[in-house]
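Here the structure comes first, spelled out in structure tokens, and everything after it is commentary.
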Amino acid sequence: MQTFARTNRHSLAQHSLAVRVVLLTDRPEGPSAQRLAMYGCLVDVEDEVYAALASILDDPMGYDLFVMDCDAFGGIDAAERAIATLIAADARMRVILISQEFDIPAYPMGIRTAVCLPDPVSEAGFRRGFDHVLRDRSAITMM
């Protein structure tokens, strides 16, 4: 597992600060990882499905977001199995799926539904999906 954060942040939406993310990808320095770091997220990168799921399920603090670059891991079918595993374990988190199998982006309103983005996805499209999936996240204030 790799964990990284970028400190030279651009203007960020309040809800994106300190978002804890598990990114399942075969491109640890690819576009998804770079964008999440640019948004100020704390990103744990995994390159194996079961390791990513174990990270999510075993973490005592709880992650805010699971992002999966689906194509390297079996496509949408593998993503559906991963989400089913998380639901069965009662993990309550937001999900973004990125795949060449998606023709258009989908921004569903349900809490237990995934934002689906086509690959490649533009910076604006990724940001819209990120903002949408975190739309109900409260900012954490420590005093």
Side-chain angles (χ1 to χ4, degrees), residues 1-99 101-102 105-143:
M1 176 191 322
Q2 293 180 345
T3 302
F4 61 91
R6 183 174 290 177
T7 57
N8 57 339
R9 298 180 183 147
H10 304 291
S11 64
L12 301 169
Q14 183 64 29
H15 68 256
S16 68
L17 295 174
V19 173
R20 294 186 66 229
V21 181
V22 170
L23 171 61
L24 176 59
T25 186
D26 63 329
R27 301 173 288 177
E29 296 181 19
S32 296
Q34 290 178 7
R35 290 168 177 162
L36 291 166
M38 183 176 66
Y39 300 161
C41 299
L42 304 172
V43 183
D44 291 337
V45 179
E46 293 288 354
D47 62 1
E48 203 277 322
V49 175
Y50 294 107
L53 296 177
S55 293
I56 293 166
L57 297 175
D58 295 341
D59 186 79
M61 285 181 50
Y63 284 92
D64 299 300
L65 178 61
F66 174 48
V67 178
M68 181 175 177
D69 286 330
C70 304
D71 297 328
F73 304 98
I76 296 172
D77 290 339
E80 289 174 350
R81 289 190 300 275
I83 291 171
T85 300
L86 293 172
I87 291 171
D90 203 29
R92 298 180 186 270
M93 63 184 318
R94 298 151 185 95
V95 177
I96 296 177
L97 304 175
I98 304 166
S99 175
E101 295 180 53
F102 298 124
Y107 307 101
M109 294 306 291
I111 293 174
R112 290 221 166 200
T113 56
V115 167
C116 302
L117 302 174
D119 189 19
V121 60
S122 69
E123 167 63 33
F126 190 93
R127 183 63 199 219
R128 180 173 179 208
F130 179 81
D131 288 341
H132 181 79
V133 81
L134 293 172
R135 68 194 176 280
D136 62 341
R137 181 178 184 263
S138 300
I140 298 172
T141 304
M142 300 195 56
M143 295 187 189

Closest approach of Phe102 to Pro118 (non-hydrogen atoms, all atoms of both residues): O-CB, 3.1 Å
statement: Closest non-hydrogen contact found for Ser99 with Cys70 is CB-CB, 3.9 Å
field: Distance-minimising heavy-atom pair for Leu117 and Gly125
entry: CD2-O, 4.0 Å
statement: Taken in chain and number order and not counting sequence neighbours, the residues that satisfy salt bridge (Lys or Arg N to Asp or Glu O under 4.0 Å) with Glu80 are none
query: Any idea which heavy atoms bring Gly129 and Val115 closest together, and the distance?
result: CA-CG1, 3.8 Å
field: N-O pairing of Arg81 and Asp77 below 4.0 Å
entry: no
- prompt: Parallel under 30°, tilted from 30 to 60°, perpendicular over 60°: which one fits the rings of His132 and Tyr107?
  reply: perpendicular
Contact summary for Leu65 and Val95, nearest pair of heavy atoms: CD1-N, 4.0 Å
- prompt: What are the two closest non-hydrogen atoms of Val133 and Arg94, and how far apart are they?
  reply: O-CD, 3.0 Å
message: The criterion is salt bridge (Lys or Arg N to Asp or Glu O under 4.0 Å); which residues satisfy it with Arg128, sequence neighbours excluded?
response: none
Main-chain N/O of Glu48 paired with Glu46 side-chain donor or acceptor, under 3.5 Å: no
- prompt: Given the rule in the side chain to side chain contact (heavy atoms under 4.5 Å, CB included) test, do Ile56 and Phe66 qualify, once you have shown the distances and angles that lead to the verdict?
  reply: CA-CA 8 Å; Ile56 293 166; Phe66 174 48; 3.6 Å; yes
query: How long is the span from the CG atom in Leu42 to the OH atom in Tyr63, to the nearest 0.5 Å?
result: 9.5 Å
query: Can any side-chain N or O of Arg135 pair as donor or acceptor with the backbone N or O of Met109 at less than 3.5 Å?
result: yes
task: Mind running side chain to side chain contact (heavy atoms under 4.5 Å, CB included) on Arg35 and Val67 for me, showing each step along the way?
output: CA-CA 12 Å; Arg35 290 168 177 162; Val67 178; over 6 Å; no
Check against side chain to side chain contact (heavy atoms under 4.5 Å, CB included), Thr25 and Ser32: CA-CA 8 Å; Thr25 186; Ser32 296; 5.6 Å; no
query: To the nearest 0.5 Å, how far apart are CE in Met68 and CD1 in Ile98?
result: 10.5 Å
- request: Please assess Leu97 against Ile76 for the test side chain to side chain contact (heavy atoms under 4.5 Å, CB included), listing each intermediate value before the final yes or no.
  value: CA-CA 8 Å; Leu97 304 175; Ile76 296 172; 5.9 Å; no
- request: Please list, chain by chain and in numerical order, all residues satisfying salt bridge (Lys or Arg N to Asp or Glu O under 4.0 Å) with Asp69, sequence neighbours excluded.
  value: Arg27
Side-chain donor/acceptor of Glu29 to backbone N/O of Gln34, under 3.5 Å: no
field: Donor-acceptor contact present, side-chain Asp64 to main-chain Arg20, <3.5 Å
entry: yes
query: Should we count CG of Asp47 as having more than 12 external heavy atoms under 6.0 Å?
result: no
